[in-house]
Amino acid sequence: MARFHLFRKALQSDVRKRTTLSSLAPSRSRSFSQLSSPSQQRPSFGIAFDIDGVILLGDSPVGGSPAALRRLYDSAGSLRIPFVFLTNGGGFPEAKRASELSQILGLNISSSQVLQGHSPFRQLVSRFENEFVVAAGKGEPAAVMSEYGFKNVLSIDEYASCFEHIDPLASYKKWTTENVKVNESTPRNDVLSKRVQAAFIVSDPVDWSRDIQVLCDILTTGGLPGRNIGPQPHLYFANDDLEYQTAFPSERLGMGAFRIALESIFNSIHSQPLKYTSFGKPNPSVFQNAEIVLQQLVPRFHNDVDAINHNNTQHFKTLYMIGDNPAVDIRGARQTGHPWFSILTKTGVFKGKENHDKFPADLVVNTVEEAVDYILTKECCS
């Protein structure tokens, strides 16, 4: 559990800032600073929701998710059931993602409730805090890493723009090469002479051909593209999802597919196989961290000052994982074991009539609304 101390520190910081959220919250819901009374009975369970394919399809709610989530709040708008979003997605800081979810769902979501695929990268700050690293992926990968505490990071867009002709197809895709502003704190000459110590795939890459080319340059040369061959820098993936669900009817290729492409090409041009580390679901450590976060949320939701001061945590009888991907959400919950209970929805990757053959869930439902109804009925708090 010690490996997650950085998560706990971030959570404590978020709680201290929570009182400022009241001025930003929609008028229809109270802020997290207005919590349930300490006399209210603490719940013996918590819930983790996947996002894509369960809560949203693209940017649109699916499966009655807004109504389902509102049932986890009381009539005054205060949260009564602890829950987190446990997603392999990402690309933006947790606070920004929480704000987006709040607007889409009409609820007040705290940043401490958003656990993304790249959230475990916080664990690596002490190792690479001052080292030169590159961050790849859609959204704001460098901003994510800076938020975590990495002090010398460039996005792969910024990094590639410092090398003339590094992308032989650049002239055919000006839509990705125009208006790239290099971080002024890292002069171009420094980029050309400094070795990249680690590459982080923060979210799904946008320009696969360019990113594979540049990453191969970094990884085969010891971190100095165009120079002599050297030891491979460290490589980290936020997740290894082969497919995920969007608003398009069939699944889309995810970061796991990009990893397969990069690995295949790297191994074809290099004498040693690619070395990398993947985070995200179904890794049991992700579910164990979610339990820690849920445990620490409970006393604060109930304004239990004594529990906060004595660092008491809530031990759950049951934790529910609601997901749409059997190979990721259900597999991870089952591998982690007690107290996790897996619920599979049919609004995303899984579209079968019954259960999944290889990774069967404890329960299969049509929508997240049905999942929440089952949980609250079972826990006698509907």
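Side-chain atoms are counted along with the backbone in the values below, which use heavy atoms only and exclude waters and symmetry mates.
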Criterion side-chain contact (heavy atoms from CB on, under 4.5 Å) on L72 and F49, from CA distance to verdict: CA-CA 12 Å; L72 306 181; F49 295 93; 3.9 Å; yes

Is there a path of hydrophobic side-chain contacts, each under 4.5 Å between heavy atoms of I, L, V, M, F, W or Y residues, that connects [X] with [Y]?
{"X": "I109", "Y": "V372", "answer": "yes"}
{"X": "F83", "Y": "I104", "answer": "yes"}
{"X": "L262", "Y": "I260", "answer": "no"}

How many angstroms lie between [atom1] in [X] and [atom2] in [Y], if you round to the nearest 0.5 Å?
{"X": "D52", "Y": "R252", "atom1": "CG", "atom2": "CZ", "answer": "13.0 Å"}
{"X": "T347", "Y": "L56", "atom1": "OG1", "atom2": "CG", "answer": "10.5 Å"}
{"X": "I229", "Y": "S271", "atom1": "CD1", "atom2": "OG", "answer": "7.0 Å"}
{"X": "L235", "Y": "F266", "atom1": "CG", "atom2": "CZ", "answer": "9.0 Å"}
{"X": "E369", "Y": "R70", "atom1": "CD", "atom2": "CZ", "answer": "10.0 Å"}
{"X": "R97", "Y": "S111", "atom1": "CZ", "atom2": "OG", "answer": "13.5 Å"}

Tell me whether the centres of the aromatic rings in F341 and F45 are closer together than 6.0 Å. no

Does a side-chain heavy-atom distance below 4.5 Å link [X] with [Y]?
{"X": "V365", "Y": "T345", "result": "yes"}
{"X": "H118", "Y": "F279", "result": "no"}
{"X": "H234", "Y": "R127", "result": "yes"}
{"X": "D207", "Y": "D167", "result": "yes"}
{"X": "D373", "Y": "R71", "result": "yes"}

Whether the side chain of [X] engages the backbone of [Y] through a donor-acceptor N/O pair (distance < 3.5 Å, no angle test) should be reported.
{"X": "R334", "Y": "P360", "answer": "yes"}
{"X": "S268", "Y": "S264", "answer": "yes"}
{"X": "D204", "Y": "G254", "answer": "no"}

Considering all heavy atoms, the nearest [X]-[Y] contact:
{"X": "A68", "Y": "V368", "answer": "CB-O, 4.2 Å"}
{"X": "S250", "Y": "Q245", "answer": "O-NE2, 3.9 Å"}
{"X": "L215", "Y": "I201", "answer": "CD1-CD1, 3.8 Å"}

Please say whether more than 12 non-hydrogen atoms of neighbouring residues, nucleotides or ligands are located less than 6.0 Å from NZ in K351. yes

Enumerate the residue pairs fulfilling salt bridge (Lys or Arg N to Asp or Glu O under 4.0 Å) with a member in residues 267-289, sequence neighbours excluded, ordered by first and then second residue. D50-K281, K281-D329

Indicate whether the side chain of [X] and that of [Y] have a donor and an acceptor atom separated by less than 3.5 Å.
{"X": "Y148", "Y": "E94", "result": "yes"}
{"X": "S342", "Y": "D362", "result": "yes"}
{"X": "S193", "Y": "R195", "result": "no"}
{"X": "D157", "Y": "S155", "result": "no"}
{"X": "S209", "Y": "K173", "result": "yes"}

Does the pair E370/K346 count as a salt bridge with the N-to-O cut at 4.0 Å? no

Of the options F121, F128, F200, which is the one that meets F150 in a ring-ring contact (aromatic ring centres under 6.0 Å, His included)? F200

Under the criterion side-chain contact (heavy atoms from CB on, under 4.5 Å), I'd like the reasoning laid out for N108 against Y73: C-alpha separation, chi angles, the key distance, then a yes or no. CA-CA 10 Å; N108 191 8; Y73 296 77; 5.5 Å; no

Test side-chain contact (heavy atoms from CB on, under 4.5 Å) applied to I51 and L101, step by step: CA-CA 10 Å; I51 296 178; L101 288 168; 4.0 Å; yes

Which pairs with one or both residues in residues 131-142 pass side-chain hydrogen bond (donor to acceptor under 3.5 Å, both in side chains), sequence neighbours excluded? K96-E140

Please list all pairs meeting ring pair (Phe, Tyr, Trp, His ring centres under 6.0 Å) that have one or both residues in residues 89-109, counting only residues at least two apart or in different chains. none

Stepwise side-chain contact (heavy atoms from CB on, under 4.5 Å) check, F350 with D324: CA-CA 6 Å; F350 180 73; D324 70 303; 5.6 Å; no

Kindly assign one of parallel, tilted or perpendicular to the pair F163 and Y159, based on the angle between their ring planes and the thresholds 30° and 60°. tilted

